[in-house]
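Each chain gets a letter, A, B and so on, in the order the sequences are listed, and its residues count up from 1.
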Amino acid sequence: MLFFTIFNADSGEAFRCAEGTTILQAMELSGYSFIPIGCKGGGCGICKIRVLSGEYRCGKMSAAHIHQEAAADGFLLACKGIPTSDLSISTQKDGPALAWAFTTNLTKK
Amino acid sequence: MKNGVLRPGHIQLRVLDIQAALNFYTNVLGLRHMGTDPQGRIYLKGWTEVDKYSVVLRESDTPGMDFMGFKVIDEDALNMLEQKLIKAGIAIEHKEKGELQDCGQRLQFVAPSGHRFELYFEKAYTGKWGIEDTDPEAWPRGLKGMKATRFDHCLLYGNNIDETAELFVNVLGFFVSEQVATPEGEKLAQFLSLSTKAHDIAFIKSEEAGKLHHVSFLLDSWEEILRASDLLSMTNTPLDIGPTRHGLTHGKTVYFFDPSGNRCEVFAGGDYSYPDHKPVTWSAQNIGKAIFYHEQEVSERFRTAVT
């Protein structure tokens, strides 16, 4: 089986991704968690990343999170991105997808 | 239903891939496919629902909710509600009979939360799927997947939820069944009911308007919730959280995502209320327990993933 290397340019960490596997799925299998995991359906935008170099193809993603210009700039949702070469990625985002109203204690008492 | 609004009638959902959505909603959730219109919209329902459909799927480049519709008892009530909405300063848009398959005229409006709602009084009555109206058997054979019995409610993220709740109470005739409030009295969540159900719709305060947090379907029991959770694993459907129990409503639940990232819930049981009941209040500092009674904390994904 063919594997590609996904290099996180922000942290210097890397994991391998089997041909035909999404970037997010491969990260989960590797045990890393630097890309947050959302709906896995290209809808919620939580796993948004940017590919700095390398080739990939993408399934359908919500235009609310990846509009055409952003896609052209290498932005994608990791749950829908399938590498076709080694990739260098950034997980820096333009802020959280949505602010949560509950600013009070969200954890156990 | 003091102002003639009966119940949640339908929801129109946007999906990225209509065939993938159809497969999910029929084979995993177990809704019945009741029709397709010339626009390509797909009409579905849970088997216990008497009208022709309760879920409409529309292919789009952005998932989420187009609108949620409430069924009204008759034409007079619809006309009266239109006057009340106009008086409340709400702009109305009329949808012609037949624009939705086998549905009469609809009144659409946008609530202060940024969500589009609609009211209608006529839809084709096809009866419960797979059983007769007379001497009905307990359940129909041939159901698939989770065998969801009905579209039950939605939870929506929006702003101006106080104004929205006021509109739902004063104009549409809902009552507040449960709420989450800060010590200063600020409402962070409002659960509203038309019936003895714990909620027919719920709103959570958010900076972003008009978002869908989840669409919920009813199952019969905790055993069915467990079986539904098994099916999520069997079908590699992304699980969000559960099976577990809510503090709010005390319902038993599991959350997961449709193939376009719209969050779905199947739930069973929970509290009942009547219009004379005082609202159940959860305090903001116990929000974790209010939402997930066992975990007592709310995951980042549950808080932030919306469509």
Closest non-hydrogen atom pair, [X] against [Y]:
X        : Y        : answer
B:Phe257 : A:Cys39  : CD2-CB, 3.4 Å
A:Lys40  : B:Pro238 : CB-CG, 3.8 Å
A:Gly42  : B:Leu16  : O-CD1, 3.8 Å

Open item on the list: Going by the rule side chain to side chain contact (heavy atoms under 4.5 Å, CB included), which residues pair with A:Gln25 if we only count those two or more places apart in sequence or in a different chain?
Closed with: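 Scan of A:Gln25 (side chain to side chain contact (heavy atoms under 4.5 Å, CB included), adjacent residues dropped) gives A:Thr21, A:Thr22.
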TODO: Below 4.5 Å from any heavy atom of chain A, which atoms of B:Ser299 appear? Answer side chain, backbone, both or neither.
DONE: neither
Task: Under 4.5 Å from any heavy atom of chain A - which part of B:Asp240 - done: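 Neither part.
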Open item on the list: Just verifying a value: how many Å separate A:Ile37 CD1 and B:Glu300 CD, rounded to the nearest 0.5 Å?
Closed with: 12.5 Å
Open item on the list: Could you measure the distance from the OG1 atom of B:Thr62 to the NE2 atom of A:His67? Nearest 0.5 Å is fine.
Closed with: 11.5 Å
Task: Members of residues 50-63 of chain A whose heavy atoms come closer than 4.5 Å to chain B - done: A:Lys60, A:Met61, A:Ser62, A:Ala63
TODO: Using a cut-off of 6.0 Å, state whether more than 12 heavy atoms not belonging to B:Tyr293 lie near its atom OH.
DONE: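 Open: at most 12 neighbouring heavy atoms sit under 6.0 Å from OH of B:Tyr293.
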